[in-house]
2 protein chains.
Amino acid sequence: MKKITFDTRNCSVSQALNVIGEWWTLLIILEAFFGTRRFSDFERHLGISKNVLTDRLQKLVAQGILARVPDPGGKRHIYKLSDKGRELFPVIATLMQWGDNWIMGKGNAPVRLLDKKTGEPIARVTVQSRQGHDLMPRDILMEAGEGHLPEFRERFGVRPGKSR
Amino acid sequence: MKKITFDTRNCSVSQALNVIGEWWTLLIILEAFFGTRRFSDFERHLGISKNVLTDRLQKLVAQGILARVPDPGGKRHIYKLSDKGRELFPVIATLMQWGDNWIMGKGNAPVRLLDKKTGEPIARVTVQSRQGHDLMPRDILMEAGEGHLPEFRERFGVRPGKSR
DNA sequence: ATATTTTAGTTGCTTCAAGCAACCTAATTT
DNA sequence: AAATTAGGTTGCTTGAAGCAACTAAAATAT
């Protein structure tokens with residue numbers, strides 16, 4: 001009866017969610033992007049209980065998303081994003097933009113992301129073709145990839161020809 | 001002692017996660033992108049228990065992410081993505097790419113997303129400036145937006161000048 | 001140098017949510 | 001008309017989240 005984990009599913013989204021999909025986890029990562037690095041700051045900014053925060057930080061460190069490193073100039077430790085963690089930025093940005101548009105509503109964004117160089121808001125993050133055209137879900141074909149299991153192949157198929 | 005929800009936090013990511021951040025919810029949305037529309041198909045493909053599936057589908061319908069509509073040519077209902085739901089595609093795509101790269105590893109993607117028109121894989125989804133340049137987290141400035149609360153302003157500040 | 005406060009947790013208790021099985025009614029198929 | 005499937009609901013059990021109290025070490029104040 002243990003909570004079902006997604007790590008046995010043959011799907012990258014499941015695997016990703018298995019690691020960052022628990023309650024609080026993505027908010028902790030967001031806080032890390034905001035610059036938070038110390039246990040007590042995560043706690044205060046998020047209003048999360050200590051035991052849950054401890055659990056999530058440990059898991060994130062175990063996954064290599066955060067690194068627990070000695071605080072330079074002190075005997076404590078801080079948590080900082082690794083490359084693996086930093087590459088979650090597009091996930092955070094798309095979530096933020098979706099929340100801005102569909103929940104907060106126009107003109108109510110609490111945080112805006114600006115291009116440091118120009119001071120302008122960043123562009124809307126979109127899924128694009130190699131040629132740089134925006135693609136909607138209907139413009140996209142899902143196909144079983146190299147690492148698929150038979151079950152997936154049945155559902156999606158693989159085109160015989162050049163798929164690369 | 002009820003599980004803390006994120007809907008009172010002045011943050012779009014929190015608001016988004018409050019709606020789609022529960023265990024199973026994003027996988028249900030992913031399944032919907034795969035084309036699943038019926039209760040029993042969600043159940044079978046995901047291996048989720050009926051009561052949890054019922055709960056999540058109801059919440060997604062209540063939020064306007066899925067619509068429960070009569071099955072054309074039958075007396076049953078199907079669940080289909082609304083515009084609000086379809087606009088979660090960039091979130092799913094970034095999660096999938098992150099999972100491909102950091103968990104499954106190169107060459108092990110179970111599903112690939114192809115441009116229907118050309119048959120080529122889609123581009124890596126990146127955060128870009130208005131001019132179309134890729135931006136890393138360090139290239140981005142976070143600022144309190146129009147809908148910020150005082151607490152946020154303290155943390156991020158608002159530049160006095162032209163921020164639009 | 002000592003005392004006080006803060007930090008970064010741990011432990012134990014309680015309640016809510018997830019997993020499971022059994023059941024049920026309406027629709028669909030045989 | 002009978003059997004099966006779809007789409008749930010209900011009740012029980014276990015696991016995870018919330019809360020408060022406690023603790024050792026580090027940082028700060030005296």
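What you see is a predicted model; the values in this text were computed from it and never measured.
If you measure from atom CD1 of A:I4 to atom P of D:dG15, you get 13 Å, rounded to the nearest angstrom. Put simply, CD1 on A:I48 is 16 Å from C1' on C:dT7, counting in whole angstrom units. Nucleotide C:dT7 holds its P atom 9 Å from the CD atom of A:E43, rounded to whole Å. Note: NE2 (B:H77) to P (C:dT28) measures 11 Å, nearest angstrom. The nearest whole Å value for the distance from the NZ atom in B:K2 to the P atom in C:dA18 is 12 Å. A:H45 places its NE2 atom 13 Å from the P atom of C:dA8, with the value rounded to the nearest Å. As a whole-Å value, the separation of B:I78 CD1 from C:dA27 P is 17 Å. One atom, CG of B:D71, and another, C1' of D:dA6, lie 11 Å apart when rounded to the nearest Å.
Taking 3.5 Å as the limit, the base of D:dG8 and the side chain of B:K50 contain a donor-acceptor pair of atoms between them.
Separation of atoms CZ (B:F42) and CG (B:L27) is listed at 11.5 Å; rounding is to 0.5 Å. Atom CG of B:L17 sits about 10.5 Å away from atom CE of A:M96, to the nearest 0.5 Å. If you take CG on A:N101 and CZ on A:R124, they are separated by 4.0 Å, rounding to the nearest 0.5 Å.
Two different hydrophobic clusters hold A:I65 and A:I78 under the rule that ILVMFWY side chains link at heavy-atom gaps under 4.5 Å. One hydrophobic cluster, built from ILVMFWY side chains closer than 4.5 Å, holds both A:F39 and A:L81.
Side-chain nitrogen and oxygen atoms of A:W24 include at least one within less than 4.0 Å of the OP1 or OP2 phosphate oxygen of D:dG18. An OP1 or OP2 oxygen of D:dG7 is reached within less than 4.0 angstrom by a side-chain nitrogen or oxygen of B:S40. For the pair A:T54 and C:dG9, the criterion of a side-chain N or O lying under 4.0 Å from OP1 or OP2 is not met. Phosphate contact (OP1/OP2 of D:dA27, side-chain N/O of A:R38, threshold under 4.0 Å): absent. Using a 4.0 Å cut-off, no side-chain N or O of A:R37 falls inside it from OP1 or OP2 of C:dA8.
The overall bend of the helix from C:dA1-D:dT30 to C:dT30-D:dA1, read as the angle between its terminal helix axes built from five base pairs each, is 30° when rounded to 10 degrees.
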*Should B:E43 and B:R38 be marked as a salt bridge (Lys or Arg N to Asp or Glu O under 4.0 Å) after you check the CA-CA gap, both sets of side-chain angles, and the distance that decides it?*
CA-CA 9 Å; B:E43 190 188 359; B:R38 306 176 66 116; over 6 Å; no

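In terms of position along DNA chain D, the nucleotide closest to A:D55 lies nearer the 5' end than the nucleotide closest to the other residue of the pair A:D55 and A:K75. Residue whose closest nucleotide on DNA chain C sits further toward the 5' end, between A:Q58 and B:E22: A:Q58. Residue whose closest nucleotide on DNA chain C sits further toward the 5' end, between A:T5 and A:F39: A:F39.
Residue A:L53 is classed as having no contact, given no heavy-atom separation below 4.0 Å to the nucleic acid. Residue A:N51 is in base contact, counting any heavy-atom pair closer than 4.0 Å across all strands shown. B:R56 comes within contact range of the sugar-phosphate backbone alone, with a heavy-atom separation under 4.0 Å but no base atom that close. No engagement by B:R44 is indicated, since no non-hydrogen atom pair under 4.0 Å with the nucleic acid exists. Within the 4.0 angstrom heavy-atom criterion, only backbone atoms of the sugar-phosphate kind lie near B:Y79; the bases stay farther away.
Of the candidates D:dG15, D:dG8, D:dA17, the closest approach to any side-chain atom of A:W23 belongs to D:dA17. Counting only heavy atoms from C-beta on, B:R76 has its side chain closest to C:dT28 among D:dT9, C:dT28, C:dG9.
For the residue pair A:S12/B:D100, the side-chain donor-acceptor check at 3.5 Å is satisfied.
Applying the salt bridge (Lys or Arg N to Asp or Glu O under 4.0 Å) test to A:D134 and every residue at least two apart in sequence or in another chain returns nothing.
Taking the ring centroids of A:F34 and B:F156, they lie under the 6.0 Å cut-off.
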